[in-house]
Amino acid sequence: MSVEIKLPDGSKLSYDGPVCPMNVAEDISPRLAAAAVAAEVDGQLTELTAELTDGEHQVRIITDRDDEALEVLRHTAAHVLAQAVLRIHGPNVQYTIGPALTDDFQYGFYYDFDLPVKISTEDLPAVEDEMRKIIDERIPIRRLEMSVDEAKEEFRRRGQEYKNEMIDDLVRDERVETVSLYEQGDFLDMCRGPHLPHTGKVGAVKLLAVAGAYWRGDQSRRMLTRIYGTAFFDEKALKQHLERIEEARKRDNRVLGRQLDLFFIDEEVGPGLPMWLPKGNVIREELQNWLKGELVKRGYQLVSTPHIGKLELYRTSGHYPYYQDSQYPPIPMGDEEGYLLKPMNCPHHMRIFKATQHSYRDLPVRMAEFGTVYRMEQSGELNGLIRVRGFTQDDAHILCTPEQLESELASCVELTQLVLDVLGLDDYRVRVGLRDPDSDKYVGDAENWTLAESNLRQIVRKLGMNYVEEAGEAAFYGPKIDFVVTDCLGREWQLGTIQVDYNVPERFELEYTGRDNAPHRPVMIHRAPFGSLERFIGILIEHYGGAFPLWLSPVQVAVLPVSEKVADYAERVASRLREAGIRTELDDSADKVGAKIRRATMQKVPYLAVVGPREAEAESVAVRTRGAGDQGARPLEEFVQSLIEEIDSKAQNVVTGTMG
RNA sequence: GCCGGCGUAGCUCAAUGGUAGAGCACCGCUCUUGUAAAGCGGAGGUUGUGGGUUCGAGUCCCUCCGCCGGCUCCA
């Protein structure tokens, strides 16, 4: 037997007998062997103890400094969790799946169990203790390759029926004949691996949450108990991670919404029905006014439509009864058929289009509305401003000819990107949502779908966008481009969306007269750069941590007189600022200036104008910024002009401080 | 909707089954203030709702409502 090893630095090692990557690491240096967690052999991640076959191999030793290492560590941590739960709750525990999560903001891994008992977060410390014992025991982890029948027999013996269902699926879907198992002491799991050489390599673990999760993600199947945790190579990294989560929670839109008096959701009004307080409403109005300006520049026409419509309208569009269980129930009207609170604006817009004749010369028609819609989202889904039951879409429907479609789509993408750019939301991904080939939830014929999907694909390619295609993410009437962002805890949400739709125009029998004097059917784009104003602002609150750029700040300047002796001058400063259109608050309380500064700072007011006798004398203000503290005195007029400039520029650079 | 947890003053949180409390905020008074909290006083509660156990329930049990973390859903 002869094994040739090529290392990343080009050097070679050869062996006569059996050899595994761990032996290679040991031969390179004891330090490397100690730090090794896995290996990459011929481009494939594998464990250190995997015996290398005859011949030549590219071998790279993965240490805790490599990106792949964390995934291996957490995967093993999940197995340690399962072993601990088995030790505590006995052989009646069924363990199912337990993947590593390396992209999640909070969680590093989870494991789903079918447990004989109920457990809660209070039970986690005991499980954690057991995990630490398993780690201290440095239990060797061994990979076994077994035939499907052997493996099934083994799991049957252990009473692990879920594992056998998984094996059956592998046999059916991938036609496997053998499966890989990992044995760690008395714990055995089916797993692709790779894993750490022994449990002692799992450095620091922390269990974070208990949750329910349907087996196979299927609502009709059994609800399992999921335990979330995270793991790192050392305690320091774990501690830093936990602190990051703590910090993130402070940015939560629900927390800041209350602290900064932006909005509130009142049980007596109804769950998921946010109300905008004066300060939050400033942000809403600013965003809307800005976008309206951009829409007019791009040839949109604004319309307004009612909040309800007859049931039949939504039958025509297809929204009713398709989404019946996530709509507020229809308003009954005695003998007459009822009305529905509008869950979408498009049916009304379709009727507007149909109300007048259209020539090809009129197209594209770009009809925009800040339309408030109501959807009876499931109670368990509601989440601050981010998932609500009443929200306002910056909606528009563009009706155009097939020839115009591409440039219209490009313009929608440009507008959406502008919105994200100006607000500094650069951490988003683009998802092209397509049909799920196995689902029958879609309306219209396959031909139109294929066409619409290729329209979208073409535009994202042409614009050179980074995107991922996801089957099953389309709307029921057409495919879409979604702009997806994450909230403070790393949960993904769709904001902007651009959808191509050949179906709804057909259902409403929309027509325009072509150059050939014959009727033609327009193509429709549904698009919303913000998506929902509620969700968008929720994300913005978290993005800025409540410290909005000047143009969006509910209060732009707080005027803080040092004593009542300068009350008159402070009043004059405040009036001058307000006259210039600057949102100004005058703090004429009896507090000392330190307290006034503290209060305004905690409200994240971008500019504080401290005024005392010196400033009154010189017609100036002592400026203190949110980011950089005391900036010294400036002439009042100069200050006003600089604020106006900054507001007009929609600059973000003032929001740099970490104070408050 | 499902699984688990939680619900005490406007907010953040205390209170072995035994007289519901603190800080902040609010109101009043004193201080006249110079860059992140002046002092004193006052008011504020059917402990989410409805029921049950108990001599006695914020605390234990059940119902409903709401919130939180997930899952499922998301036009």
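Predicted, not measured: the structure shown is a model, and the values here were computed from it.
Taking atom P on both B/C71 and B/U16, the two are 36 Å apart, rounded to the nearest angstrom. B/G41 and B/A36: their C1' atoms are spaced 26 Å apart (whole Å). Comparing B/U54 with B/U59, their C1' atoms sit 13 Å apart, to the nearest whole Å.
Here side chain to side chain donor-acceptor pair (under 3.5 Å) pairs that include residues 92-109 of chain A, with residues two or more places apart or in two chains, are A/Q106-A/R249. The side chain to side chain donor-acceptor pair (under 3.5 Å) contacts involving residues 525-541 of chain A comprise A/W276-A/E534, A/R284-A/E534, A/Y300-A/R527, A/H397-A/H526, A/D501-A/H526, where partners must be two or more places apart or lie in separate chains.
With sequence neighbours left out, the side chain to side chain contact (heavy atoms under 4.5 Å, CB included) criterion links A/L238 to A/A204, A/K206, A/T230, A/F232, A/E235, A/L242. Under the rule for a side chain to side chain donor-acceptor pair (under 3.5 Å), A/R614 has no partner lying at least two apart in sequence or in another chain. For A/E161, there are no salt bridge (Lys or Arg N to Asp or Glu O under 4.0 Å) partners two or more places apart in sequence or in a different chain. Residues satisfying the side chain to side chain donor-acceptor pair (under 3.5 Å) test with A/Q324, not counting sequence neighbours, are A/Y320. Here A/E247 pairs with A/K250 under the side chain to side chain contact (heavy atoms under 4.5 Å, CB included) rule; sequence neighbours left out.
In this structure, CZ of A/R226 is placed 11 Å from P of B/G70, rounded to the nearest angstrom. Look at OH on A/Y442: it is 12 Å from C1' on B/C74, rounded to the nearest Å.
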Would you tabulate the pairs of protein nitrogen or oxygen atoms and nucleotide nitrogen or oxygen atoms of nucleotides 23-26 of chain B closer than 3.5 angstrom?
none

Protein-nucleotides 43-48 of chain B N/O pairs closer than 3.5 Å?
none

Distances under 3.5 Å only, N/O to N/O: pair up the protein atoms with those of nucleotides 2-6 of chain B.
{"unit_1": "B/C2", "atom_1": "O4'", "unit_2": "A/Y214", "atom_2": "OH", "d": "3.4"}
{"unit_1": "B/C3", "atom_1": "O2", "unit_2": "A/G212", "atom_2": "N", "d": "3.1"}
{"unit_1": "B/G4", "atom_1": "OP1", "unit_2": "A/K118", "atom_2": "NZ", "d": "2.9"}

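For the strand RNA chain B, secondary-structure stems (runs of at least three Watson-Crick or G-U pairs, all distances below 3.5 Å) span B:1-7 with B:65-71, B:10-13 with B:21-24, B:26-30 with B:38-42, B:50-52 with B:60-62.
Scanning atom types as modelled, one donor and one acceptor separated by under 3.5 angstrom connect the side chain of A/S326 and the base of B/A75.
Nearest to the side chain of A/V593, among B/A37, B/G70, B/U35, sits B/U35. If you check B/A75, B/U32, B/G70 against the side chain of A/K565, the one that comes closest is B/U32.
In this structure, A/Y322 does not count as stacked on the base of B/A75 under the 5.5 Å centre distance and 30° plane angle limits.
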What side-chain donor-acceptor pairs closer than 3.5 Å can you find for residues 556-573 of chain A, not counting sequence neighbours?
{"unit_1": "A/Q556", "atom_1": "OE1", "unit_2": "A/R583", "atom_2": "N", "d": "2.8"}
{"unit_1": "A/Q556", "atom_1": "NE2", "unit_2": "A/L550", "atom_2": "O", "d": "3.0"}
{"unit_1": "A/S563", "atom_1": "OG", "unit_2": "A/K565", "atom_2": "N", "d": "3.0"}
{"unit_1": "A/Y569", "atom_1": "OH", "unit_2": "A/S620", "atom_2": "N", "d": "2.9"}
{"unit_1": "A/Y569", "atom_1": "OH", "unit_2": "A/S620", "atom_2": "O", "d": "2.7"}
{"unit_1": "A/R572", "atom_1": "NH2", "unit_2": "A/E619", "atom_2": "OE1", "d": "2.9"}
{"unit_1": "A/R572", "atom_1": "NH2", "unit_2": "A/E619", "atom_2": "OE2", "d": "3.0"}

